[in-house]
Amino acid sequence: MINKILKFIKYKIVKNSRKIILSKIISEIILKKFKNKISILDYGAGHEPDVVTGIYQKLKKKGFKKISIDAVDMYKKKDFQKLKKNKQIKFYSIKNFKKLNKKYDITLINDTLHHIGVENEDKIISLLKLFKKRSKYLIIKDHYEEGWFSNFLLRFMDYIGNRYNNVNVPRKYFTKKSFQKILSSGGLKIDYKVINQRYYSKFFLFMSNPNLHFLYLLK
């Protein structure tokens with residue numbers, strides 16, 4: 001019962017706002033850097049890749065002739081039957097994706113890295129180095145915590161958004177200092193950043209705090 005309630009909150013109340021805003025921001029970044037064609041990797045796309053689908057639709061309206069999108073996550077065989085209905089995207093399990101040697105114009109990592117575990121710095125750095133080799137640009141959207149209260153809010157939000165799907169709820173999130181250390185170790189530089197952006201309605205009070213979010217374009 002609790003999973004059904006959480007799923008309703010996520011998909012009927014919360015998700016649409018995030019999808020619209022995030023796809024708009026990323027599309028605007030892409031339009032500044034590319035023309036007519038683009039190849040995109042969405043790493044940690046999830047079972048409902050609405051953000052990258054929104055990006056596809058916006059780029060099509062702007063006249064892009066060729067848009068190639070690969071989505072990667074911890075998909076199982078049973079998931080692909082449903083996922084293949086989305087003809088705009090090719091889906092890969094993480095296990096199979098590692099065998100590929102594809103290159104992309106841009107890699108998206110939206111609200112995914114903190115689920116790896118912010119304490120697993122070496123693992124995150126290795127992953128970012130891999131994407132740096134395979135991509136011209138990376139876009140990372142994630143969260144900063146600034147004390148116990150922000151940590152509590154982020155964990156609560158993650159619980160609502162991911163618990164029904166059996167995705168782990170982290171104990172910790174990045175700080176500005178810890179994430180900058182990761183970027184430096186991965187040889188990545190910030191080309192453009194979006195901060196103080198509200199992704200959810202003010203109806204959610206503290207949880208809509210724009211200071212909890214950051215989005216970086218990296219190269």
Side-chain angles (χ1 to χ4, degrees), residues 22-23 25-35 37-46 49 51-52 55 59 66-74 89-146 150-151 154 158 167-168 170-197 199 210-219:
L22 194 50
S23 62
I25 290 171
I26 295 175
S27 296
E28 289 173 351
I29 292 173
I30 291 173
L31 289 167
K32 290 178 182 178
K33 298 292 184 180
F34 301 95
K35 293 182 179 180
K37 62 179 183 177
I38 189 168
S39 57
I40 300 172
L41 169 65
D42 189 355
Y43 186 82
V51 172
V52 76
I55 293 169
L59 295 181
K66 186 177 180 181
I67 305 170
S68 171
I69 301 175
D70 290 348
V72 175
D73 212 314
M74 297 177 69
I89 304 172
K90 291 182 179 178
F91 295 90
Y92 298 91
S93 68
I94 287 177
K95 183 179 179 180
N96 292 334
F97 174 74
K98 290 178 180 179
K99 300 175 183 177
L100 300 177
N101 191 27
K102 298 183 70 172
K103 291 185 180 290
Y104 301 90
D105 291 316
I106 197 161
T107 291
L108 311 178
I109 313 175
N110 293 325
D111 294 328
T112 296
L113 289 182
H114 60 266
H115 290 292
I116 296 173
V118 301
E119 65 276 10
N120 297 322
E121 284 190 2
D122 290 343
K123 188 174 181 179
I124 293 174
I125 291 167
S126 295
L127 186 66
L128 295 183
K129 284 182 176 179
L130 172 64
F131 290 134
K132 183 184 177 185
K133 290 179 181 178
R134 293 193 181 190
S135 309
K136 294 178 184 177
Y137 292 95
L138 277 68
I139 287 182
I140 296 179
K141 156 71 176 69
D142 219 290
H143 305 293
Y144 282 142
E145 66 172 43
E146 297 179 336
S150 59
N151 176 274
L154 289 169
D158 253 326
V167 177
N168 70 301
R171 293 187 177 184
K172 294 173 62 179
Y173 295 83
F174 298 110
T175 63
K176 292 180 181 178
K177 183 177 180 180
S178 69
F179 195 70
Q180 186 57 56
K181 179 183 174 184
I182 287 172
L183 295 184
S184 298
S185 298
L188 290 161
K189 295 182 179 180
I190 300 172
D191 186 68
Y192 181 76
K193 57 185 176 182
V194 178
I195 54 176
N196 297 324
Q197 171 66 52
Y199 291 90
N211 293 323
L212 298 175
H213 307 272
F214 70 88
L215 185 148
Y216 290 160
L217 174 68
L218 304 166
K219 63 178 183 178

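We use all heavy atoms of the structure for the numbers below, so side chains are in, but hydrogens, waters and symmetry mates are not.
Contacts of Phe179 classified as ring-ring contact (aromatic ring centres under 6.0 Å, His included), with partners at least two apart in sequence or in another chain: Phe174, Phe214. Judged as a salt bridge (charged side-chain N to carboxylate O under 4.0 Å, His left out), and not counting sequence neighbours, the contacts of Asp105 are Lys136. For Asp111, the salt bridge (charged side-chain N to carboxylate O under 4.0 Å, His left out) test picks out Arg18, Lys141, with sequence neighbours left out. Lys172 pairs by the salt bridge (charged side-chain N to carboxylate O under 4.0 Å, His left out) definition with nothing, not counting sequence neighbours. A search for side-chain hydrogen bond (donor to acceptor under 3.5 Å, both in side chains) contacts involving Thr175 returns Ser178, not counting sequence neighbours.
For the side chain to side chain contact (heavy atoms under 4.5 Å, CB included) with Tyr137, the qualifying choice from Phe34, Tyr192, Tyr104 is Phe34, the only one to do so.
A donor-acceptor contact closer than 3.5 angstrom is absent between the side chains of Ser68 and Ser39. Inspection of the Tyr173 and Asp158 side chains reveals an N or O donor paired with an N or O acceptor under 3.5 Å.
Considering CD1 of Ile182 and CG of Leu128, their distance stands at 7.5 Å, rounded to 0.5 Å.
Note: Tyr43 and Phe131 meet the aromatic proximity criterion, with ring centroids under 6.0 Å apart.
Checked by atom type and distance alone, the side chain of Asn151 pairs as donor or acceptor with a backbone atom of Arg171 at under 3.5 Å.
Residue pairs satisfying the side chain to side chain donor-acceptor pair (under 3.5 Å) criterion with at least one member in residues 123-134, sequence neighbours excluded, are absent.
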